[in-house]
Amino acid sequence: MGQRTEQSQQPPPPWVTGTAYAAALAAGVVLISSGQATPAEATGYVAPFLVVFERMVSRR
C-alpha cells in the first residue's frame with residue numbers, strides 16, 4: 001500500500017501552524033471572556049487540540 005517517502009513528509013508551511021495556534025488562542029479567549037470557562041478550564045479544553053495537531057504534523 002502507499003509507503004511514505006521523504007517528499008511526502010515535508011513540514012506544513014508556517015502559516016498553517018500559525019493559524020492553528022491563533023485559532024486555539026482565540027477559542028480560549030472566547031471561552032474565558034464569555035464566562036463559559038475559567039482560564040484553567042479553557043486551557044484544558046484547548047490544549048488537547050494543539051497536542052493532536054503537533055502529533056499529526058510530526059508523524060513519520
Side-chain angles (χ1 to χ4, degrees):
M1 212 145 159
Q3 290 184 352
R4 295 182 178 159
T5 64
E6 288 298 319
Q7 291 177 344
S8 67
Q9 292 300 315
Q10 295 177 355
W15 65 269
V16 172
T17 302
T19 302
Y21 277 87
L25 178 62
V29 168
V30 168
L31 284 170
I32 294 165
S33 63
S34 67
Q36 297 295 318
T38 65
E41 291 172 331
T43 301
Y45 293 140
V46 171
F49 292 102
L50 294 177
V51 170
V52 169
F53 174 77
E54 285 296 325
R55 286 186 181 170
M56 287 174 44
V57 167
S58 65
R59 278 176 41 175
R60 293 183 186 228

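Both backbone and side-chain heavy atoms feed into the values below; hydrogens, waters and symmetry mates do not. Throughout, numbering of the chain's residues begins at 1 and tracks the sequence.
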Among residues at least two apart in sequence or on other chains, which ones pass side chain to side chain contact (heavy atoms under 4.5 Å, CB included) with [X]?
X   : result
P13 : W15, V16
A24 : V46, L50
T43 : none

Please report the shortest heavy-atom distance between Q36 and E41, naming the atom on each side.
O-OE1, 4.4 Å

Considering non-hydrogen atoms only, spot the tightest contact between A42 and A37 and give its length.
N-CB, 4.0 Å

Side chain to side chain donor-acceptor pair (under 3.5 Å) involving E54 - partner list, sequence neighbours excluded
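Side chain to side chain donor-acceptor pair (under 3.5 Å) check on E54 returns Y21.
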
Go through the structure and list residues passing side chain to side chain donor-acceptor pair (under 3.5 Å) with Y45, not counting sequence neighbours.
none

Check which hydrophobic residues are tied to V52 through side-chain heavy-atom contacts below 4.5 Å, counting indirect links as well, and list them.
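V52 clusters with M56.
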
